[in-house]
Amino acid sequence: SVKHLFGLQFLRLKMTTLTRQDLNFGQVVADILCEFLEVAIHLILYVREVYPSGIFQKRKKYNVPVQMSCHPELNQYIHDTLHCVKPLIEKNDAEKVVVVIMDKEHHPVERFVFEISQPPLLSISSDTLLSHVEQLLRAVILKISVCDAVLENNPPGCTFTVLVHTREAATRNMEKVQVIKDFPWIVADEQEVHMQEPRLIPLKTMTSDIVKMQLYVEERAQKAS
């Protein structure tokens with residue numbers, strides 16, 4: 001289950017300055033982004049009809065309605081994936097998190113790319129920060145919920161995977177970031193990464209004092225299997 005995003009008590013501080021090395025700073029960003037990505041992935045799978053609509057239930061996140069899966073195995077996979085992503089975000093080692101939708105031959109038809117960058121310094125009133133970030137994330141979720149209007153239908157029988165693009169230093173130390181036993185990071189298959197003649201569709205850019213994120217979709221020109 002997804003915990004309430006803004007239940008982070010240590011964020012409710014007076015005006016303060018945190019550096020990238022501050023443990024709480026990394027934890028704050030990682031908690032916020034991983035919760036957001038969990039909601040976003042569920043919504044992408046629903047909107048793009050990767051799974052039947054019957055396995056989803058309407059919930060409310062960021063004060064807007066979203067669709068969340070109630071399938072235990074799917075939910076556990078998404079949860080475990082983001083649990084493994086979190087240490088990379090904490091250390092600012094994750095450049096992109098990509099939700100790849102693949103056809104029956106495991107060739108990408110769509111890639112939802114979340115590009116992430118974080119400033120080295122934070123200096124802001126936390127109450128303002130929380131309100132602003134929630135507004136920005138709400139806007140991204142709303143864009144995802146209507147993205148089917150600018151995308152072509154996918155072929156039947158699609159599946160998905162989640163890829164993480166790391167900075168070079170992190171790539172050399174990936175074996176140290178195996179936070180879940182039997183759920184290891186592996187190098188992505190080339191056919192899952194590359195797409196023939198992709199069409200780029202920008203969806204949303206958000207900028208706040210703790211994180212900048214750009215969301216766009218790469219869509220394969222010919223989707224028919």
Side-chain angles (χ1 to χ4, degrees), residues 1-2 34-62 64-85 96-116 137-165 180 182-204 213-225:
S1 63
V2 183
C34 285
E35 176 153 17
F36 163 78
L37 288 169
E38 186 165 15
V39 176
I41 291 170
H42 281 257
L43 189 57
I44 288 168
L45 298 179
Y46 172 81
V47 171
R48 301 309 294 149
E49 299 181 350
V50 177
Y51 296 102
S53 60
I55 73 164
F56 293 88
Q57 290 182 341
K58 186 177 288 188
R59 307 275 182 83
K60 199 170 186 180
K61 300 293 176 183
Y62 312 112
V64 293
V66 297
Q67 295 285 344
M68 303 288 290
S69 160
C70 52
H71 191 284
E73 291 181 10
L74 173 59
N75 294 2
Q76 191 65 48
Y77 169 77
I78 295 172
H79 174 82
D80 288 350
T81 298
L82 293 175
H83 187 63
C84 293
V85 169
K96 300 177 185 177
V97 177
V98 185
V99 180
V100 186
I101 299 177
M102 300 174 291
D103 61 20
K104 290 179 179 178
E105 287 73 40
H106 294 280
H107 295 128
V109 292
E110 290 174 357
R111 288 164 44 91
F112 284 77
V113 182
F114 297 84
E115 281 193 358
I116 301 167
L137 295 178
R138 180 188 305 126
V140 179
I141 289 295
L142 288 171
K143 270 293 184 182
I144 294 173
S145 68
V146 297
C147 70
D148 56 336
V150 295
L151 296 171
E152 300 294 330
N153 291 336
N154 286 325
C158 284
T159 56
F160 86 103
T161 189
V162 178
L163 306 180
V164 180
H165 294 241
I180 299 181
D182 300 325
F183 200 86
W185 287 115
I186 58 173
V187 177
D189 192 308
E190 282 295 310
Q191 78 171 23
E192 295 178 357
V193 175
H194 295 293
M195 183 184 297
Q196 296 180 353
E197 302 176 8
R199 181 171 70 106
L200 185 66
I201 302 106
L203 287 186
K204 192 68 179 176
M213 183 169 59
Q214 182 177 5
L215 170 60
Y216 59 89
V217 182
E218 295 173 341
E219 181 179 43
R220 196 169 75 194
Q222 300 294 329
K223 285 185 171 179
S225 305

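The residues of the chain are indexed from 1 along the displayed sequence.
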More than 12 heavy atoms of other groups within 6.0 Å of Phe56 CZ: yes
Within-4.5 Å side-chain heavy-atom neighbours: Ile101 and Ile44: yes
Phe112 side chain near Leu203 side chain, heavy-atom distance below 4.5 Å: yes
Spatial distance of atom NE2 (His107) from atom SG (Cys158) [nearest 0.5 Å]: 12.5 Å
Heavy-atom closest pair, residues His42 and Ser69: ND1-N, 2.9 Å
Pairwise side-chain contact, Ser145 with Val66, heavy-atom cut-off 4.5 Å (strictly under): no
Side chain to side chain contact (heavy atoms under 4.5 Å, CB included), paired with Arg111, selected from Val99, Val217, Leu200, Leu163: Leu163
Leu45 and Ile41, any side-chain heavy atoms less than 4.5 Å apart: yes
4.5 Å side-chain heavy-atom contact, Glu110 and Leu151: yes
Gln214 atom CD: more than 12 heavy-atom contacts under 6.0 Å: yes
Closest approach of Val100 to Pro108 (non-hydrogen atoms, all atoms of both residues): CG1-CB, 3.8 Å
Asp148 atom CG, over 12 foreign heavy atoms within 6.0 Å: yes
Ile55 versus Leu74, closest heavy-atom pair with distance: CD1-CD2, 4.0 Å
Shortest non-hydrogen contact from Arg220 toward Gln222: NE-O, 2.7 Å
Note, Gln57 side chain near Met68 side chain (heavy atom, < 4.5 Å): no
Min side-chain heavy-atom separation Lys58-Gln67 under 4.5 Å: yes
Within-4.5 Å side-chain heavy-atom neighbours: Ile141 and Lys61: no
Residues in salt bridge (Lys or Arg N to Asp or Glu O under 4.0 Å) contact with Arg138, at least two apart in sequence or another chain: none
Heavy-atom pair with the smallest gap, counting every atom of Phe160 and Met102: C-CE, 4.0 Å
